[in-house]
Amino acid sequence: MVIGTVIGSIWATRKEEGLTGVKLLKVKIDALDSKDTIFDSILVAVDRIGAGAGDKVIITRGTSASTFLERPVPIDAIIIGIIDPEDQKG
């Protein structure tokens with residue numbers, strides 16, 4: 001799992017059938033270490049919990065991400081939690 005900040009929405013005029021009605025968000029992954037290039041990136045994540053721009057979110061990636069949907073679909077990342085603002089201070 002990684003933590004990131006939602007920076008916008010992705011609008012797709014056509015999507016895989018299993019993704020119809022699913023919201024896609026653009027998320028900037030928080031850098032854990034300045035040497036980690038993988039964590040200094042932006043990715044597209046499926047959102048089913050109502051995250052919005054500016055929210056700090058928890059994302060799971062890889063094969064386990066697709067298990068959160070009713071049927072297997074080709075996704076690589078899904079938002080599984082919104083971090084409370086109080087928890088962002090420390």
Side-chain angles (χ1 to χ4, degrees):
M1 290 186 285
V2 294
I3 294 174
T5 303
V6 177
I7 59 173
S9 296
I10 299 289
W11 301 99
T13 55
R14 295 189 62 147
K15 295 189 261 190
E16 171 68 29
E17 184 178 316
L19 294 175
T20 302
V22 174
K23 185 166 70 167
L24 302 174
L25 296 179
K26 193 174 359 174
V27 180
K28 179 160 182 21
I29 302 304
D30 293 354
L32 299 178
D33 184 332
S34 60
K35 294 179 266 183
D36 289 336
T37 55
I38 192 167
F39 290 109
D40 191 23
S41 62
I42 295 173
L43 57 82
V44 176
V46 168
D47 173 53
R48 294 184 48 205
I49 62 174
D55 283 341
K56 283 265 196 207
V57 294
I58 303 167
I59 297 171
T60 190
R61 300 188 306 178
T63 306
S64 61
S66 65
T67 63
F68 283 89
L69 300 175
E70 287 76 32
R71 62 187 186 115
V73 291
I75 66 169
D76 183 54
I78 189 167
I79 295 170
I80 59 170
I82 300 171
I83 299 173
D84 294 331
E86 288 296 314
D87 291 333
Q88 296 178 30
K89 295 178 183 174

Testing the basics here: between [X] and [Y], what is the closest heavy-atom pair and its distance to 0.1 Å?
X     : Y     : answer
Val44 : Ala77 : O-CB, 3.7 Å
Gly4  : Asp30 : CA-OD1, 3.8 Å
Ala51 : Leu25 : O-CD1, 3.7 Å

Notebook entry, point to check: Can you tell which of Ile29, Val46, Ile3 makes a side chain to side chain contact (heavy atoms under 4.5 Å, CB included) with Ile59?
Noted result: Ile29
Notebook entry, point to check: In Å, rounded to the nearest 0.5 Å, how long is the span from CD1 of Ile79 to CD1 of Ile49?
Noted result: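 Ile79 atom CD1 to Ile49 atom CD1 measures 6.5 Å (nearest 0.5 Å).
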Margin query: Within the structure provided, determine whether Asp76 and Leu43 are in side-chain contact (heavy-atom separation under 4.5 Å).
Written below: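 Not touching, per the 4.5 Å side-chain cut-off.
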Can you give me every donor-acceptor pair (side chain of residues 6-15, partner residue at least two apart or in another chain, under 3.5 Å) with its distance?
| from | atom 1 | to | atom 2 | distance (Å) |
| --- | --- | --- | --- | --- |
| Lys15 | NZ | Leu19 | O | 3.4 |
| Lys15 | NZ | Val22 | O | 2.6 |

Notebook entry, point to check: Could you give all pairs that pass the salt bridge (charged side-chain N to carboxylate O under 4.0 Å, His left out) test and reach residues 17-27, with sequence neighbours left out?
Noted result: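 As it turns out, the salt bridge (charged side-chain N to carboxylate O under 4.0 Å, His left out) pairs with a partner in residues 17-27, which skip direct neighbours, are Glu17-Arg71, Lys23-Asp47.
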Note to self: The criterion is side chain to side chain contact (heavy atoms under 4.5 Å, CB included); which residues satisfy it with Ile58, sequence neighbours excluded?
What the structure shows: Met1, Ile80, Ile83
